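A quick note: this is a predicted structure, and the numbers were derived from the prediction, not measured.
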Amino acid sequence: MIDKYSPQEIEKKWQEKWEADNAYKTDIDNSKPKYYALEMFPYPSGNLHMGHVRNYSIGDVVARYKTMAGYNVLHPMGFDAFGMPAENAAISHGVKPSDWTFSNIKNMIRQLKSMGLAYDWDREVETCKADYYRWTQWLFELFYKRGLAYKKEASVNWCDNCGTVLANEQVIDGHCWRCDSEVQKKKLAQWFFKITDYADELLADLDKLPGWPNRVKTMQENWIGRSEGCEFSFEVEGHSEKIPVYTTRPDTIFGVTFVVLAAEHPLVDKLIAGQPNEEAVRKFVNDAKNLSDVERTSAESEKLGIFTGAYAINPVNGKKVPIWVVNYVVYEYGTGAVMAVPAHDERDFMFATKYNLEKILVIDNPEQPIKLEEMTNAYIDAGVLINSGEFNGMGNEKAKSAIIDWLEKHNIGTRKVNYRLRDWLISRQRYWGAPIPVIYCDKCGEQLVPEEDLPVLLPEDVEFKQGALSPLSTSKSFNECKCPKCGGHAHRETDTMDTFICSSWYYFRYADPHNDKLPFDRDKVNYWNPVDQYIGGIEHAILHLLYSRFFTKVLRDAKMLDFDEPFTNLMTQGMVIKGYTDKDGNYVKAKMSKSLGNVVSPEEIIEKYGADTARLFILFASPVDRDLDWSDEGVQGSFRFLNRVWRIIDIFSEAIKKGNTKYDVSTLNDEEVALRRTLHKTIKKVTEDLRDRFAFNTAISTLMELVNAMHVFQNKPINPNLALEVGSALLKMLAPFVPHIAEELWSHLFEGSVHKQSWVEFDAAAIVEDEVEVVLQINGKVRDRVKVPANLDKAALEQAALDLPRARELITGKTIVKVIAVPNKLVNIVVK
RNA sequence: GCGGGCGUGGCGGAAUUGGCAGACGCGCCGGACUUAGGAUCCGGUGACUUCGGUCGUAAGGGUUCAACUCCCUUCGUCCGCACCA
């Protein structure tokens, strides 16, 4: 008799044993195929939340299953440990960011270990440690040497609340991704990574990722925003400057009736100098610049503009058109100036109507000719060119290309591909990050810190204050330095790097975490990487996942590794949500959050029911990519199931100990044959669910059915050989989901660890049924069921159906139109 | 506005290739055991029904012998994008 199921005791026991045995230590082993399972590492906020528990439970099942299935599995964990909250703790509580971070990490490791996750902790990385950020800095220098890191003054996103700038990817609807406060524009000299150099490949290689959700690929596609068109210039009457414009609609070029400039366009000043409306334009420009990004980029906001007084010349037909400054042109995209064709562009149409500007129709609808006077909208569909000189009569798609050819031939313009993607702004005016390893010499200018001087360590003599300058600038010991080139007086860059840089390469470091010569060894990374299965939240669809793809391509070009993409397969898990009653008394479901008071603490659940129950519930309640509805009753149901497993193994244990692994299955009675059939069907289904679909919820439900089938024998004797076969298979299949209870029960019955066992194979012969139940349908409606020999052919099946009394009864007096027989499934008799 | 996902019992969900809708779990109902049951075990549980059946996968239509599954229209919901020329 085995004791009562007591998760608190057995979980602690096995966690200690696994740790003492180094059970999950991984090394290169060329005798097996490798498999790299990875979950997005957490920010060390101090406590695990249910989203983490879900993420890591999924990853652990994948890792444990693949191990049992014969793979050499790498499954590491670490911490994305630089970031603002640590610094905020310093500002508000006077704690050192490092102390705050390391004590949080300590607590989270304890919590992770209490979940029974199969990590190789020897490979843990913490991005805030000098032996990691040394290589983050080294990689910055690599990017710099490859011309991919540069400093420039630009209008950048500034979050006042966080006291730092943000990359475009980190601005969501004009708000800071972290604190949600409104982002402002500021002109600052900042460091950028030239991700735009890889825009084309980042877009094209999405096709190499069949294992990624389409949703994520579409989001990246939109973000990169490739468009094809051409760039050409307008001459300005009475000025030597030209206005370059970018358009995707060269087919409408003869319909240009005005040219619009963004408020920031440098030509504006020159064009208005001495013009009668100079002051009015200046005021308009200043007003536009003072608007927040939210207001400026909203598609709904009113399109406003003002005439500069200057005119441009359309290079294709010499037409003189007015130049306006408007609030709807994005300066950072294209050339910051646009040719306006009101007849064929919605915005230009609205604008021209509002300000009484000319409209010229240049594309006509061949089915139903358009009358300019009757137009209430721009005509943006396909058509045939009119009013376009030598191109009249040409289809507009063809004309796009023909007109670009013409522009190129006459040296007026060129074909051009444009991207919405901008370079990645990586400077942060914060302390708790990797210092940018650059020195500014009074004489020699910008210099990289020599490689042998890395890491540039974070100083401790800093003041933490909110402000526009990094706290590093308050450190004397940090700031002042010698120029590495001339030895003269110099000072350090005081900005740190965006923490997304730290997380753009950590999955390579896991392959070689203790290397002190390089970020990682090329052979080791080529062995383990790319990650076979990456698991995390959809919120990183662009941010982390795009940056990581960029890094991988740069490191490939630097010959540090030999593949193109970092993550072969990506799984995006849904959120954990929970219903609560709002102030109006309505029951609503929402993401767990402190402010709503619907948070369930993982630690409490694990204390009460054990990690196995928590894991089982989370995996069973919902498919991984969907939101998971937390249910306290559901958790109890999972706990109940584990008790049921415990009891039935206990009941079977005497028989199991007497059983032999090899036996003659013909000695089994009918009920035993049925149980054995259920077992092998279960093995087949669970294997397919884990191997092909990551359908953990259905795998678990199938295991529940097996346990239910075993209960048929709770009060009657069972063949010991079958008991052994079923019992051991059940424990092996449960092992990836609920590692502690599976190990505990295994240890009562067998030698060694259940987690070192090979995955179970199903016996196809055991699944074969002699008889199957087929359905009799009359006109598609189920009218009877009948048992027939399995695999009965169509003709015999059809006859068997027609012979049924029920069929005869319903057919009499009617004509049989057709009989459809599907072996092992059904017979449908169509009558009139 | 554009693009995409989703919509199945009281609830979470299953149905993998067009072939028995509702597996499994929660909840609920009944029974057994019991001094007791918020333990355990067994059974029932889509709706309506004249007990023959009829209806039923957001709504409406279509294709098919057969549709949760394919096609069209509409509604709801969630997500992404949105002055990018």
Side-chain angles (χ1 to χ4, degrees), chain A residues 172-173 213-216 218-223 225-227 229 245-249 252 260 262 296-303 326-341 344-348 350-351 418-422 538 541-542 579 589 616-617 620-623 625-638 640-641 643-644 647 685 688-689 692-693 695 697-708 711-712 714-715 773-785 817-831:
Chain A
I172 315 290
D173 289 332
N214 285 330
R215 188 152 80 111
V216 175
T218 305
M219 282 165 73
Q220 293 211 355
E221 211 175 294
N222 289 340
W223 187 260
R226 184 182 199 271
S227 75
V245 297
Y246 172 76
T247 183
T248 56
R249 293 297 305 274
T252 63
V260 288
R296 275 197 82 175
T297 57
S298 161
E300 274 95 59
S301 60
E302 198 182 3
K303 284 154 192 50
V326 300
N327 65 353
Y328 67 88
V329 167
V330 180
Y331 177 62
E332 289 80 13
Y333 182 78
T335 62
V338 180
M339 67 176 211
V341 185
H344 304 289
D345 179 278
E346 209 53 64
R347 291 154 299 178
D348 297 344
M350 283 161 66
F351 192 81
N418 250 332
Y419 300 94
R420 214 187 71 110
L421 180 72
R422 312 285 151 80
I538 187 81
I542 293 173
K589 288 172 181 173
L616 186 72
F617 168 72
F620 174 64
S622 178
D625 56 349
R626 239 188 273 184
D627 285 349
L628 185 151
D629 211 349
W630 187 268
S631 145
D632 295 328
E633 293 78 15
V635 177
Q636 285 182 36
S638 295
R640 216 159 21 226
F641 170 70
N643 277 288
R644 213 165 138 78
R647 274 191 304 273
K685 169 77 173 154
E688 286 168 356
D689 279 353
D692 307 333
R693 307 204 303 155
N697 56 332
T698 52
I700 292 167
S701 73
T702 311
L703 288 167
M704 287 173 170
E705 289 180 78
L706 176 61
V707 171
N708 290 344
H711 271 78
V712 170
Q714 63 185 317
N715 295 317
E773 191 180 73
V774 299
V775 166
L776 168 72
Q777 293 185 342
I778 310 288
N779 290 343
K781 291 195 192 297
V782 181
R783 285 291 178 263
D784 203 3
R785 289 153 203 282
V817 180
K818 199 174 183 182
V819 181
I820 295 105
V822 182
N824 297 334
K825 298 262 184 193
L826 56 75
V827 178
N828 187 9
I829 304 171
V830 186
V831 296

Residue pair A/S227 / A/Y246, side-chain donor-acceptor N/O under 3.5 Å: yes

Rounded distance [0.5 Å steps], OG in A/S622 versus CG in A/D629: 8.5 Å

Any strand: nucleotide that pairs with B/C51 via Watson-Crick or wobble, under 3.5 Å: none

Sugar-phosphate, base or nothing in reach of A/R215, heavy atoms under 4.0 Å: sugar-phosphate

Partner nucleotide of B/G22 by Watson-Crick or wobble geometry (both distances under 3.5 Å): none

Side-chain N,O (A/N708) to OP1/OP2 (B/G25) below 4.0 Å: yes

Sugar-phosphate only, base, or nothing, as touched by A/Q636 at under 4.0 Å among non-hydrogen atoms: nothing

Donor-acceptor pair (no angle test) under 3.5 Å: A/K303 side chain, B/C83 base: yes

Touch class at under 4.0 angstrom, heavy-atom based, for A/S227 against every strand present: sugar-phosphate

Over all atoms of both residues, closest heavy-atom pair of A/K303 and A/R347: CE-CG, 3.4 Å

Sugar-phosphate only, base, or nothing, as touched by A/V330 at under 4.0 Å among non-hydrogen atoms: base

Sugar-phosphate only, base, or nothing, as touched by A/G637 at under 4.0 Å among non-hydrogen atoms: sugar-phosphate

Any A/Y246 side-chain N or O less than 4.0 Å from OP1/OP2 of B/C84: no

Touch class at under 4.0 angstrom, heavy-atom based, for A/D627 against every strand present: sugar-phosphate

Donor-acceptor pair under 3.5 Å, A/N828 side chain vs B/C65 base: yes

Nearest-Å distance once atom P is located in both B/G12 and B/G27: 15 Å

Sugar-phosphate only, base, or nothing, as touched by A/T218 at under 4.0 Å among non-hydrogen atoms: nothing

Minimum-distance nucleotide (side-chain atoms of A/K589 versus B/G80, B/G19, B/C11): B/C11

N/O donor-acceptor pair, side chain A/R422 with base B/C84, under 3.5 angstrom: yes

Residue whose closest nucleotide on RNA chain B lies nearer the 5' end, A/T248 versus A/D689: A/D689

Carboxylate-amine/guanidinium proximity below 4.0 Å for A/R249 and A/D345: no

Whole-angstrom distance between B/A23 and B/U73, as gauged at atom C1': 33 Å

Sugar-phosphate only, base, or nothing, as touched by A/V329 at under 4.0 Å among non-hydrogen atoms: base

Residue A/D173 excluded, over 12 heavy atoms near CG under 6.0 Å: no

Sugar-phosphate only, base, or nothing, as touched by A/T698 at under 4.0 Å among non-hydrogen atoms: sugar-phosphate

Sugar-phosphate, base or nothing in reach of A/R783, heavy atoms under 4.0 Å: sugar-phosphate

